[in-house]
Amino acid sequence: MKKVLRNIYLILKRVFEFLISLILFVVLLIPFIVIAIAIKIEDRGPVLYKQTRIGKKRKPFQIYKFRSMKTNRKELDSDMTHDEMVTKVGRLIRKTSLDELPQLINILKGEMGFIGPRPWIPEYYEWFTEEQKRRSDVLPGITGLAQAKGRNNINIFKKIEYDLEYVDNVSLFMDLKIIWLTMKEVFATTGAEASETEIKAEIEDLRRNNNEMQQL
């Protein structure tokens, strides 16, 4: 019975998220245009940043974000820090999570929802255990339990633990709790974005842990 109720909720959740994302896309069209113009004026180049992520049932898809990094960062001084690679507009939209707005397109396409485990790049999955891969049993989200509990201020294993907790206990109450906690995290503006160095470190932690488990 619990499984049936869970499946019914997931279906209703998908319908609700589609309708809300459609409404938001129309309502936020002007802010979309303003942000796009600001990005173009400061750094030219593409407005949107696209990257391959892993979605539900481990299917890859292209996630959309407003571009926050300099377009020619590979040609810039290699000694520049990650923060120095971020544009002024990019710094603002990252702190306020406005860079995530184009993911409304992903929600409309059925690749994401508002609430769910964050979709990660394929490199993470190369070192996941079968248990850890269960985090992709539901649609990924713009925010999830791991983001509500600390964003990038918690380690990779704690993030996965929170993601699996969500997968096993998805419900209306859980989603409302995540929305409330996420709002508090957004206003705190801490741990909003992982740098490339931090991502590589997380993948290395997964690889090392996976290898150690295989040797046991």
Side-chain angles (χ1 to χ4, degrees), residues 10-56 60-73 76 82-121 138-148 150-152 172 174-196:
L10 288 174
I11 292 172
L12 293 176
K13 179 174 182 282
R14 169 61 194 146
V15 173
F16 179 75
E17 288 183 326
F18 175 84
L19 293 174
I20 292 299
S21 60
L22 184 60
I23 294 170
L24 285 176
F25 190 82
V26 175
V27 172
L28 296 173
L29 188 58
I30 291 179
F32 262 77
I33 294 173
V34 171
I35 293 172
I37 292 174
I39 292 172
K40 276 289 187 181
I41 290 176
E42 181 180 6
D43 195 51
R44 301 184 180 276
V47 169
L48 294 180
Y49 169 75
K50 295 186 290 184
Q51 186 182 49
T52 300
R53 299 289 181 94
I54 301 299
K56 185 178 180 181
F61 70 97
Q62 293 291 304
I63 195 173
Y64 303 107
K65 287 187 176 186
F66 279 124
R67 182 175 57 81
S68 58
M69 301 287 283
K70 295 176 181 178
T71 53
N72 63 335
R73 61 183 186 276
L76 296 174
H82 178 267
D83 286 342
E84 291 172 332
M85 295 290 187
V86 180
T87 64
K88 293 178 181 178
V89 173
R91 191 168 294 110
L92 174 62
I93 60 177
R94 280 188 177 192
K95 283 186 176 181
T96 55
S97 294
L98 289 173
D99 61 324
E100 311 282 359
L101 282 180
Q103 286 163 48
L104 289 173
I105 300 171
N106 292 118
I107 296 176
L108 290 171
K109 293 171 66 177
E111 298 165 333
M112 292 180 63
F114 283 108
I115 312 295
R118 280 297 295 171
W120 288 342
I121 58 177
V138 297
L139 276 179
I142 292 178
T143 187
L145 189 57
Q147 285 66 45
R151 292 190 175 187
N152 291 300
L172 176 59
M174 175 71 83
D175 283 348
L176 292 175
K177 175 183 176 182
I178 290 172
I179 291 171
W180 168 247
L181 292 175
T182 298
M183 289 174 63
K184 293 171 65 177
E185 284 293 324
V186 168
F187 287 117
T189 65
T190 57
E193 187 79 14
S195 68
E196 292 181 11

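Only a predicted model underlies this, so the values are computations on that prediction, with no experimental measurement involved. Counting from 1, the numbers follow the sequence of the chain as shown.
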Novice: Under 3.5 Å, side chain of E42 to main-chain N/O of T87, donor-acceptor pair present?
Specialist: no
Novice: Quick one: pull up NZ in K109 and CZ in F18 and give me the separation to the nearest 0.5 Å.
Specialist: 13.0 Å
Novice: Give me the atom names and distance for the closest heavy-atom approach of M112 to L139.
Specialist: O-CD1, 4.0 Å
Novice: Quick check against the 3.5 Å criterion: does N106 have a side-chain atom that pairs as donor or acceptor with the backbone of Y64?
Specialist: yes
Novice: Find out whether T52 and F61 are in side-chain contact, i.e. whether some heavy atom of one side chain is under 4.5 Å from a heavy atom of the other.
Specialist: no
Novice: What I'd like to find out is whether the side chain of F114 reaches to under 4.5 Å of the side chain of L104, using heavy atoms alone.
Specialist: yes
Novice: Where do T71 and R44 come nearest, in terms of heavy atoms and distance?
Specialist: CG2-O, 4.1 Å
Novice: How close do P46 and I39 get, heavy atom to heavy atom, and via which atoms?
Specialist: O-CG2, 4.1 Å
Novice: If we only count heavy atoms from C-beta on, is the L10 to R14 side-chain gap below 4.5 Å?
Specialist: no
Novice: Begin with the C-alpha distance, continue with both residues' side-chain angles, and end with the deciding distance and a verdict on side-chain contact (heavy atoms from CB on, under 4.5 Å) for L145 and M174.
Specialist: CA-CA 9 Å; L145 189 57; M174 175 71 83; 4.3 Å; yes
Novice: Supply the atom-to-atom distance K177 NZ to I179 CD1, rounded to the nearest 0.5 angstrom.
Specialist: 13.0 Å
Novice: The criterion is side chain to side chain contact (heavy atoms under 4.5 Å, CB included); which residues satisfy it with I37, sequence neighbours excluded?
Specialist: I33, I41
Novice: Applying salt bridge (Lys or Arg N to Asp or Glu O under 4.0 Å) between D43 and each of K70, K88, R67, report the one that passes.
Specialist: R67
Novice: Not counting sequence neighbours, list each pair that qualifies as a side chain to side chain donor-acceptor pair (under 3.5 Å) and has a residue in residues 16-41.
Specialist: K13-E17
Novice: For P119 versus G141, what's the shortest heavy-atom pair and its separation?
Specialist: CD-O, 3.6 Å
Novice: Do the non-hydrogen side-chain atoms of R53 and R118 ever get within less than 4.5 Å of each other?
Specialist: yes
Novice: Kindly compute the distance separating CD1 (I105) from CD (Q62), expressed to the nearest 0.5 Å.
Specialist: 12.5 Å
Novice: Nearest heavy-atom pair of L181 and A148: which atoms, and what distance?
Specialist: CB-CB, 3.5 Å
Novice: Should L98 and F66 count as side-chain neighbours, where that means a heavy-atom distance under 4.5 Å?
Specialist: no
Novice: Is the closest side-chain heavy-atom distance between I142 and I107 below 4.5 Å?
Specialist: yes
Novice: Taking the side chain as every heavy atom from C-beta outward, state whether K65 and E100 have any atom pair closer than 4.5 Å.
Specialist: yes
Novice: Is the CG atom of L19 crowded by more than 12 outside heavy atoms at less than 6.0 Å?
Specialist: yes
Novice: Would you name the heavy atoms of I115 and I178 that are closest together and state the gap between them?
Specialist: CG2-CD1, 3.7 Å
